[in-house]
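Comments concern the structure below.
Just so you know, these numbers use all the heavy atoms, side chains as well, and skip hydrogens, waters and symmetry mates. First the proteins, then the strands, lettered A, B, ... as listed; each starts at 1.
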There are 2 protein chains.
Amino acid sequence: MVNKTTTQDKILDAAEQLFASSGFADTSLRQITSMAQVNLAAVNYHFGSKKELIQSVLQRYLSVLMPRLDQEFSHLLASQKQNDLTAVLSVFIKPLLELNKVQHHGTRMFLQLLGRGYTDVQGHLRWFFNHHYGRTLDKFVLLVQQACPDLPASEIFWRLHFSLGTVVFTMASNQALQEIAAADFNENVEIEGVIHRLIPYLAAGIASPFTLSSQAH
Amino acid sequence: MVNKTTTQDKILDAAEQLFASSGFADTSLRQITSMAQVNLAAVNYHFGSKKELIQSVLQRYLSVLMPRLDQEFSHLLASQKQNDLTAVLSVFIKPLLELNKVQHHGTRMFLQLLGRGYTDVQGHLRWFFNHHYGRTLDKFVLLVQQACPDLPASEIFWRLHFSLGTVVFTMASNQALQEIAAADFNENVEIEGVIHRLIPYLAAGIASPFTLSSQAH
DNA sequence: ACTAAATTAAAACATCTGTTTGAAATGTAC
DNA sequence: GTACATTTCAAACAGATGTTTTAATTTAGT
């Protein structure tokens, strides 16, 4: 047998591609099984439901990424030196780019999926994520708080969600943005380039001085 | 006749509420007509199709907002003084808040719809917007370029889309964020408060210094 | 090789979707 | 009040969706 990819993997590979480019709601199981060259019933047999398939697709990346991030966060927390915000944010770069080893174009795939996950489905993915990786997230928030000691916790909360919006939206519409950039500016930016553009933008926004005008109105 | 709201308005009112909280794809015509207490066929009779209904819902706000913004942008462009970025971004505040006159909770509704529009549907809303209001958008980009003369056009392109992501995502998940903020920080932030928090964050991100590390990697 | 479990396959299921139809009701003008 | 156009309504339509069922097939253990 030349190609030993199992049915489950064929489904996951096809699903992540379609999910990333069309979103979860707008991708049908028939599209997936057709692209995977697999019987329709195989999805429900192997994964139970479409919802669980979505989680499995994300889990394939999260199970690699999150432990790596957790380790990096812990390491940074242990070192007593004052970490600046850019350093904290830059922690994401290497683990994200290493997703390319998990899968061809893994980084781009995962980030697009993340974008879709936060906009398409309303509740169950957010719950899934917080339930499994809430601890890791807490460490990150702590690092940001240490890097921005002048910001109240509520302000950090808002600004981190603002930043999440930037990342998620940019990745969800990544394809369209890359096409425009290529057409208008003759730029061919890989996902790595986008990440390197994002970091200083996010760092500046999160660390922007906290004035009274931010709250009074 | 006590209530003279026409069938079309009843549909638009119900539709915008459901669209804002559940997205376009996850809202069915039957939900809309049921909430509007109107016959199912009325949507296709009055609006033609669901797609056109979506556009009509947005148009009710855009037709008020965009001319006002265009006027403000033109005014700022005409004045020869150097406009700083915060001033340019602050132009949005008043016109946005005045959408509350168009409709109860109009500002929140519109911004949530905008968020949904950019994430849910893939192409046709973006086209619709650019086609109708592209000129106004160009003026805004020009103002930003004047305020950030050191940034190359391509960098401004990326940062403005980063910012769009922040706004759109924040507004799409506005309800969830407000609930968390209320529970964790005893904060009760109206949409106006969120806008005032957004401006400095966005201004800092867009105007962050352009270094070689942004492009080299 | 035989048996039992795991997997694949085709078909049907039940439900939901946006849209269309054709007749009833309502409003409007002369 | 009659004729006409507009609007409402219940019903059906055609298609797509996720899921289930039942039988055939393949795989693995002994």
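- A heavy-atom distance below 4.5 Å is found between the side chains of V57(A) and L113(A).
- Relative ring orientation between F157(A) and F185(B) is described as tilted, the plane-to-plane angle lying within the 30° to 60° band.
- Candidate nucleotides dT8(D), dT21(D), dT19(D) were compared by shortest atom distance to the side chain of A41(A), and dT21(D) ranks first.
- Of the candidate nucleotides dA9(C), dT7(C), dT19(D), dA9(C) has the atom lying nearest to any side-chain atom of N39(A).
- Residues K139(A) and D70(A) are paired through a salt bridge, judged by an N-O separation under 4.0 Å between the basic side chain and the carboxylate.
- Taking atom CD1 on I11(A) and atom C1' on dG18(D), their separation rounds to 14 Å, with Å as the unit.
- Using cut-offs of 30° and 60° for the angle between ring planes, the F110(B) and Y61(B) rings count as tilted.
- Of the candidates dT17(C), dT19(D), dT7(D), the closest approach to any side-chain atom of S28(B) belongs to dT17(C).
- For K50(A), counting side-chain heavy atoms from C-beta on, the closest listed nucleotide (dT19(C), dT8(D), dT19(D)) is dT19(D).
- When side chains are defined from C-beta on, R197(B) counts as touching F162(A), because their heavy atoms get closer than 4.5 Å.
- Place V43(A) and L40(B) on DNA chain D by their nearest nucleotides, and L40(B) ends up nearer the 5' end.
- Here dT8(C) presents its P atom at 14 Å from CD of Q37(A), a figure rounded to the nearest Å.
- If you measure from atom CZ of R30(A) to atom P of dC16(C), you get 16 Å, rounded to the nearest angstrom.
- Across the protein-nucleic acid pair, L29(A) atom CG and dT20(D) atom C1' stand 13 Å apart, rounded to whole Å.
- Remark: C1' of dT17(D) and CG of N44(A) are 11 Å apart, rounded to the nearest angstrom.
- Between the P atom of dG18(D) and the CD atom of E52(A) lies a distance of 14 Å, rounded to the nearest Å.
- OP1 or OP2 of dT8(C) sits under 4.0 Å from a side-chain N or O of T7(A).
- OP1 or OP2 of dT6(D) has not a single side-chain nitrogen or oxygen of H46(B) nearer than 4.0 Å.
- The residue T27(A) sits close only to the backbone: its heavy atoms come under 4.0 Å of sugar-phosphate atoms, none of a base.
- Protein atom CZ of F24(B) is 13 Å distant from nucleotide atom P of dG18(C), rounded to whole Å.
- Y45(A) places its OH atom 15 Å from the P atom of dT20(D), with the value rounded to the nearest Å.
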